Structure formats: structure tokens, C-alpha cells
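Have a look at the structure below before the remarks.
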Protein chains: 2
Amino acid sequence: MKRSRSCLLLSGFACTYKLTAGGKRQIVSFNIPGDIPDLQSLHLKTLDNSVATMSQCRVGFVTHEDLRNLCTRHPRIAEAFWRETLIDAAIFREWVMNVGQREGTSRMAHVLCELMVRLKAVGLVEDHACDLPITQSEFADALGFTTVHVNRVLQQMRTEGLIFTQGTRLTIPDWEKLKQVGEFDPTYLHLENGQAAA
Amino acid sequence: MKRSRSCLLLSGFACTYKLTAGGKRQIVSFNIPGDIPDLQSLHLKTLDNSVATMSQCRVGFVTHEDLRNLCTRHPRIAEAFWRETLIDAAIFREWVMNVGQREGTSRMAHVLCELMVRLKAVGLVEDHACDLPITQSEFADALGFTTVHVNRVLQQMRTEGLIFTQGTRLTIPDWEKLKQVGEFDPTYLHLENGQAAA
DNA sequence: CGGTCTTTTGACTAGTCTCAAGCATTGTGG
DNA sequence: CCACAATGCTTGAGACTAGTCAAAAGACCG
């Protein structure tokens, strides 16, 4: 179905996902405030994924017509939007590697690092802690694990002192350690100001 | 490192890959004739992946300066390039799902279907057959399997009549069956003329 | 023809899944 | 304000997919 507008996530958490023929869900990205989850629809006629909220969200809508006018009138803006979609692609590539090559703790640590850095970039991290309203079953769908396995991995990470959780609040006691376990190198996020440390 | 030009694959097969800190390789996409594997470098300063050839290749180079001029003078071309990168992203999303949710035969079948359809689109498929100079170890790196496992999966697929190989030539005896096993729906490739059947 | 790369095989191991149940937390209606 | 859904988290045991290690057999190339 062709969409005539894109949405901008103002607050809250969402995710982009796809379903297999067998009905299994793969979350292909987490969307945080500032993201435009369906910017691609500006140039692709058919949608090949869906978006779901993971918490209460506020969203803004922009019509494709307005976006297109903006792009023609201000090439620099067009370039910036294009660049945004290229960064999304870079993140997908990293996820392919994460799901394909890393196991258990390492895989989990990597997405947590990614989330922390991205959230930090929009000011949602304080003292290595942030609010993360993502259920274990959502993590499972994102990592290609089962909920049961995510639970066990998280427990292990807690006992190893890699993470600390209270409700939806996540705290990273030792950022360097988590980064190392997740083999995390933020280059692929292409942040302007290489704020590698969260 | 900043690149000042992009390359167009004229003939032969290549792949885009990333390495984990531990040295494991994840192939994130196969590049076929007509592809511009590093088009992204036009707007991203740092490269977060590498490209390798899998066979003899002929490539053409275009400087970013020329590309940028082309884009400013012909907005439609800029739009087309942007669209290409969006399709790449759609393929990455599908790969995340493939690696995250499908197992063994199904996972393998899916990439084979994708390759067939993409090769067909550039005229490299005849009678459900094509030349595929991809080693089992390369498939392994693309699928997140080991070479040993790829070998066993392929053997099973041969005995099941899903594929037929002689050297680097791959023939698909029963396209519908392969599509079904791989849960393959070509929507995500966003081909202009929905040539779903290869 | 020797050397290298690729494919194939076997036996054993490990990571992850499945099924199944119990517990905790939260929000809601009576 | 409490009871009870509903949802999410935790646990255990057994099964299965895929990995590891090791080596042999083919294929390709200078």
C-alpha cells in the first residue's frame, strides 16, 4: 500500500519489524525519538515492513508532498534525509552481522550498546542509565532468540555486572566492559561528533 | 577513510562484508553486475564495510564530484540513486529476518531465490539456471552458518530436488517449490516490473 | 605435477529451542 | 480497596540445530 506521508517519532519507543510466512516476527530496528521510521516510503511504492509502538508514543506527520517540496527547494535537506536513510542501512548491516556472527551475551550486549549511544545522542541517557521500555520478548524478536533465552542471557549479564535493571530502567555499571563484550564500535552509526562513550 | 569515487560492477560477482572484532566475517550482500556496492560513500564520510570480489570482475569508477554534479543538475537521477540505496536497505532488512528467523534449508533457499530474481532482472538467468561463482564458505559467511553446515544443507537440497549444480552453474528444477521452502516473496526487492517468477 | 582451494565425511560438543509450568507485576472493575 | 485478569518474567528438563575438530577426497592452476 502506498503511503502519502511519513511519521516522525517525537517521544516513546517503537520498532520496525517483518513477519515470516510462518508468522515469526523479526524486529529489524528500534525507533527512538527523532527517528522517521518510514522515511523510505518517500521513494518506495510498496511497504515491506511494519512499525509497532513499544510504549506510549507521540508522533508527528509530514506529507510526502511537503517533504518533496522541501527537498527540491533545499538540496542540502534532501542530502541530509538521504544520509539518514544511508545510516539506517548501515545499522541494518550491523544487525545482520550481529545476528549472524555473535552469540548469547555478546549479541545482547551489542544492541544494548547501540541503544545507549543512540539514546545518548538525543539526550535520553544520564549517568549511563536510561529508560528502556522493551520487553524480553521484543528483544528476542530483535536478536533472533527465544524469550526464554533472552531471559537467561540477561540473568547472566546481571550476575556478571554488565547491566543493572530496575523496572524499565537500565543502568550500565561498566561501559567499557559492555562495549568489549558486545564488540561494539560505533563507527557504523556515523554520528557527527564521534561521541563513542555513552 | 573517505572515498572520492564509487565503483560500478560491470561484470562478475562481488560481496560486501564486515568483520567482527574476533575476526569472523559476515557477508551482508552479494553484488551482481549493475550494482554500485559503495554508492553510500557519496554521503557517508567513513566506510563501515568492505567489498571483495568473488570472481573476475570488471568495474567502472565514477568520481563523487561527477555524481554530485549529476544529482544537482538532474533531480530525477538523484532520486533514482536515493531509491537504489533504499532498496539496498530493504534487502538488508530481509537478510536480518532471514538470518534471525529461518533455519537450514529455508535460509539457504531464500538467498538462492533472491539471487535468481536479481540475476534474472539483469538478464543473467536462462531456463532457471545461472552461473553462480560463490563458494560454500562464502555462503556460510552470508548465512551465519559454518562451511560444514552449508555443505550438508546443500546436499539435502540436492537430494530433495530443490537445486541442481554442476560446477558453478546452478539450476532450479522447481522454482515454485524453492520459493515455498524459502518463504520467498520478492516484494522487498522493489522491482519495477513485478517479475516475481524467475 | 605439486600446491592450494574447495568440497565432503564422521564423531562429538555446545548453543539454543521447545514445552510446560510457576511466579511477579500491573491495571482495572466490582 | 481488593480480586483477578493479563502480561511479562523465571525456571527446569529434554530435544535438536548447528558448531568444532580433524582429515580425506576432489578440483583448479601455474
Side-chain angles (χ1 to χ4, degrees), chain A residues 13 15 20 22-27 52-56 97-112 131-160 163-170 181-182, chain B residues 12-13 15 20 22-27 52-56 98-112 131-160 163-170 181-182:
Chain A
F13 284 68
C15 64
T20 66
K24 292 198 281 183
R25 177 173 76 154
Q26 174 69 47
I27 291 178
T53 58
M54 299 192 298
S55 70
Q56 273 212 342
M97 180 163 86
N98 198 35
V99 174
Q101 303 295 340
R102 287 193 266 264
E103 55 186 36
T105 305
S106 181
R107 195 134 121 205
M108 186 76 205
H110 193 278
V111 279
L112 291 182
D131 191 59
L132 216 55
I134 304 178
T135 67
Q136 294 186 0
S137 122
E138 282 158 348
F139 273 122
D141 287 346
L143 297 169
F145 286 150
T146 55
T147 305
V148 173
H149 197 239
V150 164
N151 183 276
R152 286 174 176 143
V153 167
L154 286 178
Q155 281 180 62
Q156 167 131 27
M157 292 179 77
R158 283 190 204 105
T159 61
E160 285 177 0
I163 58 172
F164 175 72
T165 55
Q166 23 183 5
T168 60
R169 188 145 199 89
L170 170 72
V181 169
Chain B
F13 285 68
C15 64
T20 66
K24 293 199 282 185
R25 177 174 75 154
Q26 175 70 48
I27 291 178
T53 60
M54 299 192 295
S55 71
Q56 272 212 341
N98 198 35
V99 174
Q101 303 294 339
R102 289 193 265 265
E103 57 187 35
T105 305
S106 182
R107 196 134 121 204
M108 186 77 207
H110 193 279
V111 279
L112 290 181
D131 190 60
L132 218 54
I134 303 178
T135 67
Q136 294 186 1
S137 122
E138 282 158 349
F139 273 122
D141 287 346
L143 296 169
F145 286 150
T146 56
T147 307
V148 173
H149 196 239
V150 165
N151 183 275
R152 287 176 174 141
V153 166
L154 286 177
Q155 282 181 60
Q156 167 131 24
M157 291 179 77
R158 284 191 203 104
T159 62
E160 285 176 1
I163 58 172
F164 175 72
T165 55
Q166 22 182 6
T168 60
R169 189 147 199 87
L170 170 73
V181 169

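Letters go in sequence order (proteins before strands), and every chain restarts at 1. All of these numbers come straight from a predicted model, not from anything done at the bench.
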Do you know which two heavy atoms are closest between [X] and [Y], and how far apart they sit?
| X | Y | answer |
| --- | --- | --- |
| A:R102 | A:H110 | NH2-CD2, 3.0 Å |
| B:G12 | B:S55 | CA-OG, 3.5 Å |
| B:R107 | B:N98 | CD-O, 3.0 Å |

Distance, rounded to the nearest Å, where [X] contributes [atom1] and [N] contributes [atom2]:
| X | N | atom1 | atom2 | result |
| --- | --- | --- | --- | --- |
| A:M54 | D:dG8 | CE | P | 12 Å |
| A:M157 | D:dT10 | CE | P | 14 Å |
| A:L143 | C:dT16 | CG | C1' | 13 Å |
| B:Q156 | C:dT7 | CD | P | 18 Å |

Determine yes or no for a side-chain-to-main-chain donor-acceptor pair under 3.5 angstrom, with [X] supplying the side chain and [Y] the backbone.
| X | Y | answer |
| --- | --- | --- |
| A:Q101 | B:R25 | yes |
| B:S106 | B:E103 | no |
| B:Q136 | B:V148 | no |

Which is it for B:F13 and B:T168 under the side chain to side chain contact (heavy atoms under 4.5 Å, CB included) test, yes or no, and what are the steps along the way? CA-CA 12 Å; B:F13 285 68; B:T168 60; over 6 Å; no
Can a side chain N or O of B:Q155 be found less than 4.0 Å away from OP1 or OP2 on C:dT9?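 Answer yes for this pair, as a side-chain N or O of B:Q155 is under 4.0 Å from OP1 or OP2.
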For D:dT10, does either OP1 or OP2 sit under 4.0 Å from a side-chain N or O belonging to A:N151?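 Answer yes for this pair, as a side-chain N or O of A:N151 is under 4.0 Å from OP1 or OP2.
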Within the 4.5 Å heavy-atom criterion, are [X] and [Y] side-chain neighbours or not?
| X | Y | answer |
| --- | --- | --- |
| A:N151 | A:Q155 | yes |
| B:T20 | A:M97 | yes |
| A:L112 | A:L132 | yes |

For nucleotides 21-27 of chain C, just jot down a letter per nucleotide in 5' to 3' order: B, S or -, based on protein non-hydrogen atoms under 4.0 Å. -------
What does nucleotides 14-30 of chain D look like as a protein-contact string, B for base, S for sugar-phosphate only, - for none, at under 4.0 angstrom between heavy atoms? ---SSSBB---------
Donor on one side chain, acceptor on other, B:R158 and B:T165, under 3.5 Å: yes
Have a look at the helix from C:dC1-D:dG30 to C:dG30-D:dC1 and give the angle its two end axes make, five pairs each, rounded to 10 degrees.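 Axis angle across the helix from C:dC1-D:dG30 to C:dG30-D:dC1, nearest 10°: 40°.
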